Colleague: 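I have a structure here, written as structure tokens, and I will follow up with some questions on it.
Start at 1 and go down the list; that is how both ligands and their atoms are numbered. These values consider heavy atoms only, across backbone and side chains, with no hydrogens, waters or symmetry-generated copies. These numbers come from a predicted model, not from an experiment.
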Amino acid sequence: MKFSVEQEFLLEQEVDALVLGVYQQPVFHGVIKQLDDIFNGQLTELAKSKDIHYKVKKVSSIHTLGAIGAKRLIFVGLGKEQELTFDDLRAVFGKVSKTVKEFSLQKIGVAVDTFINEAISAEDVAHALSEATTMSLYSFEGYKQKSNEPEKMVEEMVLYTDTDGDDVKAALEVGYAHGRGTNSARTLVNIPGNMLTATKLAEYALELADKYGFESEILEKEQMEELGMGALLAVNQGSTEPPKMIVLKYRGKDEWKDVIGLVGKGITFDTGGYSIKPKDGIVGMKTDMGGAAAVLGAMEVIGELRPEQNVVAVIPSTDNMVSGNAFKPDDVITSMSGKTIEVLNTDAEGRLALADAMTYAKHHGANYLVDVATLTGGVIVALGYDKTGALTNNEEMFEQMLEASYEAGEFMWRLPYTESDRKRVRKSPVADLNNSPGRDGHAIFGGAFVGEFAEGTPWVHLDIAGTATTTSPHDLGPKGATGAMVRTLALFVERFETINK
Ligand code: BES
Ligand code: ZN
Ligand code: ZN
């Protein structure tokens with residue numbers, strides 16, 4: 001998609017549609033007034049008859065019959081001027097793109113200044129527009145033999161505004177990068193497990209490294225054995241697919257210090273292992289690498305926007321299978337950190353894979369750790385499908401994450417993490433830790449287990465088991481993978497301020 005900025009509204013410029021925001025207002029002003037005059041007050045009449053409506057996200061489209069350069073005018077309601085938020089604006093543009101797609105419109109003009117209010121600048125409008133449009137037009141091709149005619153897609157957007165063009169362009173780029181990173185993560189999650197193995201995921205990461213100049217390292221099984229990554233290896237034991245530990249490094253500072261570690265669960269398919277999932281619960285487990293996808297999506301955004309931060313991404317990847325070689329309940333395994341783990345449930349595999357990845361991220365110099373994972377069904381019971389569950393050992397770091405999530409419009413809610421939770425994961429007659437203390441409050445224990453491997457390093461845990469996918473289409477995309485946390489992680493990194501530990 002191509003975006004451009006024009007410093008003034010060009011009446012005669014030919015576009016398939018001109019998009020205008022309509023606040024609840026006594027009379028039209030600005031560009032809409034100008035158009036109303038051209039149409040001899042007919043727009044005011046249409047507003048009176050509610051054919052043009054100010055209700056938030058209400059879209060009305062009228063044909064101009066050649067009166068001006070734009071073939072259509074698309075009006076979208078914005079509600080009361082004091083009330084519209086940045087997040088609402090994203091939803092508004094998501095809605096508009098659906099109309100644009102419905103009519104197969106390809107070149108769109110946007111009257112940016114009709115969307116501005118006291119809290120929303122022209123730059124914000126540009127950001128929301130490019131991000132929401134990119135996200136909402138996403139689709140996953142799938143693998144049907146007979147694909148439909150390729151759909152006509154929006155190719156170009158021209159933004160008209162009085163505000164400085166360079167600032168608006170920069171904001172467009174930021175939103176566009178966030179949108180594309182999110183869509184890449186969605187695609188990774190939507191690809192089935194037979195096609196997205198750990199090996200393929202590693203290849204994808206190397207392509208990103210190549211494109212953006214990240215340093216990279218892919219650990220093979222032998223190297224994991226040498227490093228003593230007994231936890232990740234245990235999960236892989238039942239598989240015929242080799243495991244991979246994927247590392248990408250982005251250097252945004254002269255020195256390799258204040259390093260943010262992004263650790264993403266990369267289970268390409270989770271059968272549950274010998275603690276096998278029931279037939280209904282196993283379907284959909286191709287999405288168990290949603291954390292890895294979020295981290296890779298965020299790395300794409302980081303590669304595009306190049307913030308002055310140091311980031312190391314670490315992704316432990318394997319599937320979790322059953323076979324004569326598979327690990328079993330009662331097994332005791334030794335993680336890279338040296339901590340031993342009693343396996344009580346082979347379906348609590350994510351935390352095992354993450355354990356070694358956390359240790360390895362620290363090994364690569366991470367001073368701050370974020371892990372992202374489709375970790376527990378428990379988080380869905382606790383928070384539903386629209387809130388990511390969080391846990392932390394550092395208030396300040398969590399504040400920054402929460403701030404980023406608000407800005408991204410990706411909700412999260414913090415779960416308690418107390419001494420008694422730490423005690424529960426440390427309770428075992430034979431090992432330092434157990435991987436499954438029981439069903440009560442198990443979203444907390446999943447996180448608490450991973451926290452054992454942060455070992456005092458400031459850390460935030462994000463459980464996206466509920467938010468990584470959705471069963472119904474929404475303003476910003478279709479059903480299926482959502483790309484949850486890509487934008488939150490990217491914003492967190494962009495804005496990150498070091499913490500006095
Ligand atoms: N991958 C699952 C969690 C999951 C559930 C993700 C639903 C997406 C949707 C995870 O590995 C798992 O099986 N967790 C168990 C943990 C339990 C055994 C302590 C769970 O949540 O039941
Ligand atoms: Zn599992
Ligand atoms: Zn899992």
Side-chain angles (χ1 to χ4, degrees), residues 188-190 193 196 198 201 231-232 234-239 243 263-294 315-322 326-331 341-355 357 371-389 391 415 421 424-425 427-428 433-450 452 461-471 479-482 484-485:
L188 289 173
V189 172
N190 284 329
L196 192 83
L201 194 64
L232 174 59
V235 180
N236 177 255
Q237 234 169 265
S239 178
V263 178
K265 173 176 171 180
I267 300 296
T268 57
F269 193 84
D270 182 13
T271 66
Y274 274 97
S275 313
I276 199 159
K277 289 186 182 292
K279 60 182 181 295
D280 293 332
I282 208 166
V283 177
M285 280 303 138
K286 67 172 184 180
T287 65
D288 214 14
M289 31 57 68
I315 293 167
S317 188
T318 174
D319 45 6
N320 181 24
M321 305 295 282
V322 274
F327 77 136
K328 308 172 295 298
D330 286 352
D331 284 359
I341 304 159
E342 181 187 11
V343 177
L344 294 178
N345 191 324
T346 61
D347 198 9
E349 84 299 337
R351 63 199 73 180
L352 300 175
L354 290 169
D371 80 281
V372 199
T374 48
L375 204 67
T376 66
V379 83
I380 306 174
V381 176
L383 302 177
Y385 287 99
D386 58 350
K387 284 148 209 100
T388 291
L391 226 70
L415 300 168
D421 301 317
R424 284 283 291 276
V425 298
K427 193 162 176 251
S428 165
L433 303 170
N434 80 81
N435 82 328
S436 179
R439 304 236 26 114
D440 52 315
H442 77 269
I444 295 171
F445 299 128
F449 183 93
V450 179
E452 291 296 302
H461 164 70
L462 301 172
D463 191 337
I464 57 170
T467 49
T469 56
T470 174
T471 50
K479 68 176 182 177
T482 58
M485 291 298 119

Colleague: In the protein, which heavy atom is nearest to atom 21 (O) of ligand 1, and how far is it?
Modeller: Gly377 N, 2.5 Å
Colleague: Using a strict cut-off of 4.0 Å, indicate which atoms of ligand 1 neighbour a heavy atom of Lys277.
Modeller: 2 (C), 12 (C), 13 (O)
Colleague: Starting from atom 19 (C) of ligand 1, what is the nearest protein heavy atom, named by residue and atom, and what distance separates them?
Modeller: Ser436 OG, 3.6 Å
Colleague: Considering the options Val381, Asp463, Ile444, which one meets the side-chain contact (heavy atoms from CB on, under 4.5 Å) requirement together with Thr376?
Modeller: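 For Thr376, the side-chain contact (heavy atoms from CB on, under 4.5 Å) test succeeds with only one of Val381, Asp463, Ile444, which is Asp463.
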Colleague: Could you check whether atom OH of Tyr274 has more than 12 heavy atoms from other residues, nucleotides or ligands sitting under 6.0 Å from it?
Modeller: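 Yes, enclosed.
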Colleague: More than 12 non-hydrogen atoms from neighbouring residues, nucleotides or ligands closer than 6.0 Å to CG on Asp330, yes or no?
Modeller: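 Counting neighbours around CG of Asp330, 12 or fewer heavy atoms of other residues, nucleotides or ligands fall under 6.0 Å, so no.
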Colleague: Which protein non-hydrogen atom lies closest to atom 20 (C) of ligand 1, naming both residue and atom, and how far is it?
Modeller: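 Result: His442 NE2, 3.5 Å.
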Colleague: Going by atom types alone, do Thr482 and Thr470 pair a side-chain donor with an acceptor below 3.5 Å?
Modeller: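 Judged by distance alone, the side chains do not pair up.
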Colleague: In plain terms, say whether Lys427 and Glu342 are close enough for a salt bridge, that is, a side-chain N and a carboxylate O under 4.0 Å apart.
Modeller: no
Colleague: Got a sec, which pairs hit salt bridge (Lys or Arg N to Asp or Glu O under 4.0 Å) with one end in residues 373-387, sequence neighbours left out?
Modeller: none
Colleague: Would you say the side chain of Phe327 lies within less than 4.5 Å of the side chain of Asn320, judging by non-hydrogen atoms?
Modeller: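 Contact flag for Asn320/Phe327 side chains = yes.
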Colleague: What's the spacing between Leu375 CG and Ile464 CD1 if we round to 0.5 Å?
Modeller: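 If we round to the nearest 0.5 Å, Leu375:CG and Ile464:CD1 are 10.0 Å apart.
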Colleague: Any chance you could lay out the salt bridge (Lys or Arg N to Asp or Glu O under 4.0 Å) test for Asp288 and Lys265, step after step, and finish with the verdict?
Modeller: CA-CA 7 Å; Asp288 214 14; Lys265 173 176 171 180; 3.1 Å; yes
Colleague: Given that the side chain starts at C-beta and the backbone is N, CA, C, O, which of these parts of Arg351 lies under 4.0 Å from ligand 1, counting heavy atoms, or is it both or neither?
Modeller: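 Side chain only.
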Colleague: For atom 10 (C) of ligand 1, tell me which residue out of Thr376, Ile380, Leu375, Asn320 has the closest non-hydrogen atom.
Modeller: Leu375
Colleague: Going by chain and residue number, what protein N/O/S atoms come nearer than 2.8 Å to the Zn ion (ligand 2)?
Modeller: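 Listed by chain and number: Asp270 OD2, Asp347 O, Asp347 OD1, Glu349 OE1.
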Colleague: Between Leu391 and Ala448, what is the shortest heavy-atom contact and its length?
Modeller: CD2-N, 3.4 Å
Colleague: Which atom pair, heavy atoms only, marks the closest approach of Ala231 to Leu352?
Modeller: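 Here Ala231 and Leu352 meet closest at CB-O, 3.2 Å.
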Colleague: Give the atom numbers and elements of ligand 1 that come within less than 4.0 Å of a heavy atom of Lys265.
Modeller: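 Heavy-atom distances to Lys265 below 4.0 Å select 1 (N), 10 (C), 11 (O).
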Colleague: With respect to the Zn ion (ligand 3), please indicate if Leu375 possesses an N, O or S atom at a distance under 2.8 Å.
Modeller: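 Here the distance criterion (N, O or S atom, under 2.8 Å) is not met by Leu375, so no.
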Colleague: Within the structure, does Asp270 bring an N/O atom to less than 3.5 angstrom of an N/O atom in ligand 1?
Modeller: yes
Colleague: Please determine which of Asp319, Thr318, Thr271 meets the side-chain hydrogen bond (donor to acceptor under 3.5 Å, both in side chains) test together with Ser239.
Modeller: Asp319
Colleague: For atom 18 (C) of ligand 1, what is the nearest protein heavy atom, given as residue, atom name and distance?
Modeller: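 Its nearest protein heavy-atom neighbour is Asn345 ND2, 3.1 Å.
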Colleague: Just need the protein heavy atom nearest to atom 12 (C) of ligand 1, so name the residue and atom and give the distance.
Modeller: Asp347 O, 3.2 Å
Colleague: Find all atoms of ligand 1 within a distance of less than 4.0 Å from any non-hydrogen atom belonging to Glu349, and give their numbers and elements.
Modeller: 11 (O)
Colleague: What's the shortest distance from atom 4 (C) of ligand 1 to any protein heavy atom, and which residue and atom give it?
Modeller: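 I find the closest protein heavy atom is Met285 CE, 3.9 Å.
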